[in-house]
Amino acid sequence: MTATISYDDVEVGTELPAQTFPVTRDTLVRYAGASGDFNPIHWNETFAKEVGLPDVIAHGMFTMAEAIRVVTDWAGDPGAVVEYGVRFTKPVVVPNDGEGASIEVSAKVAAKLDDRTVRVDLTAMSAGQKVLGMSRALVRLA
């Protein structure tokens with residue numbers, strides 16, 4: 001597979017389609033099973049509060065993975081992402097209220113680079129707070 005977006009059709013400032021990703025306690029338990037990360041701050045409300053958190057929080061790597069979906073969906077190929085990094089700034093708090101939380105992700109092309117690559121800057125928010133900082137991906141386009 002290769003990216004379906006052409007480098008020639010993209011300009012600096014091009015906005016990628018924004019997406020919102022729901023996160024529930026069930027989501028976190030499933031992610032824990034897949035990742036092997038069973039830290040109780042991700043599923044046990046009592047424990048999370050005892051260590052000073054407001055409630056159960058989503059795994060940082062889960063949050064990071066959800067955010068990059070905006071880029072991979074846009075590019076048409078997950079393999080088009082050649083580099084990706086973030087700073088974790090705030091946790092995604094996931095209450096046990098039947099609704100959980102959501103991660104709202106927007107992104108735009110910040111630079112066109114050599115070798116048909118672009119730098120995409122992402123913004124990930126939850127409950128009105130930025131949850132990822134310096135979230136950037138290098139993407140090789142068609």
Side-chain angles (χ1 to χ4, degrees), residues 1-7 9-113 115-142:
M1 246 178 125
T2 59
T4 57
I5 301 293
S6 172
Y7 178 86
D9 294 337
V10 174
E11 300 297 330
V12 171
T14 298
E15 293 188 14
L16 284 60
Q19 295 187 52
T20 299
F21 303 100
V23 186
T24 64
R25 295 281 178 93
D26 285 350
T27 308
L28 300 181
V29 170
R30 289 186 179 119
Y31 182 81
S35 69
D37 181 353
F38 293 100
N39 187 323
I41 63 172
H42 303 303
W43 57 270
N44 184 316
E45 184 175 331
T46 301
F47 183 85
K49 289 180 177 181
E50 284 175 356
V51 298
L53 295 169
D55 208 328
V56 164
I57 63 170
H59 304 72
M61 295 303 286
F62 170 82
T63 304
M64 188 178 176
E66 290 292 79
I68 197 65
R69 288 176 55 191
V70 167
V71 177
T72 59
D73 289 353
W74 171 75
D77 177 13
V81 176
V82 295
E83 187 175 313
Y84 177 45
V86 306
R87 287 189 184 163
F88 301 106
T89 56
K90 298 278 184 185
V92 175
V93 178
V94 184
N96 192 20
D97 61 3
E99 290 185 32
S102 62
I103 304 167
E104 300 90 25
V105 183
S106 60
K108 69 179 177 180
V109 175
K112 289 184 82 171
L113 308 168
D115 299 330
R116 304 187 73 78
T117 60
V118 295
R119 189 187 89 216
V120 177
D121 291 353
L122 297 91
T123 301
M125 307 283 292
S126 185
Q129 295 189 331
K130 193 172 184 179
V131 295
L132 299 176
M134 298 294 292
S135 184
R136 295 179 174 171
L138 292 181
V139 184
R140 182 160 290 115
L141 300 179

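All values below were derived from every heavy atom in this structure, side-chain atoms included, with hydrogens, water molecules and symmetry-related copies excluded.
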Does the side chain of [X] reach to within under 4.5 Å of the side chain of [Y], using non-hydrogen atoms?
X    : Y    : result
S102 : F21  : no
Y31  : H42  : no
Y84  : L122 : yes
L28  : I57  : no
F62  : V23  : yes
V120 : L16  : yes
I103 : V92  : yes
M134 : V86  : no

Closest approach of [X] and [Y], non-hydrogen atoms and distance?
X    : Y    : answer
V131 : S126 : CG1-CB, 3.8 Å
I41  : V51  : CG2-CG2, 3.9 Å
Y7   : L141 : N-CB, 3.7 Å
K112 : E11  : CD-CA, 4.4 Å
V139 : A75  : CG1-CB, 4.1 Å
P17  : W74  : CD-CD1, 4.0 Å

Could you grab the distance from atom [atom1] of [X] to atom [atom2] of [Y], nearest 0.5 Å is fine?
X    : Y    : atom1 : atom2 : result
K90  : M125 : NZ    : CE    : 11.0 Å
Q129 : T89  : CD    : OG1   : 8.5 Å
K130 : S135 : NZ    : OG    : 8.5 Å
S106 : E15  : OG    : CD    : 7.5 Å
Q19  : E66  : CD    : CD    : 9.0 Å
D37  : M61  : CG    : CE    : 10.0 Å

Is there a donor-acceptor pair under 3.5 Å between the side chain of [X] and the backbone N or O of [Y]?
X    : Y    : answer
D115 : T117 : no
T72  : D77  : no
D97  : G100 : yes

>> Evaluate N96 against E45 for side-chain hydrogen bond (donor to acceptor under 3.5 Å, both in side chains), listing each step before the verdict.
In response: CA-CA 8 Å; N96 192 20; E45 184 175 331; 5.0 Å; no
Checklist entry - Could you walk me through whether V71 and V81 pass the side-chain contact (heavy atoms from CB on, under 4.5 Å) check? => result CA-CA 8 Å; V71 177; V81 176; 4.0 Å; yes
request  = Check the surroundings of atom NZ in K108: do more than 12 heavy atoms from other residues, nucleotides or ligands lie under 6.0 Å from it?
outcome  = no
| said: I'd like to know if R25 and D55 make a salt bridge, using a cut-off of under 4.0 Å between side-chain N and carboxylate O. | reply: yes
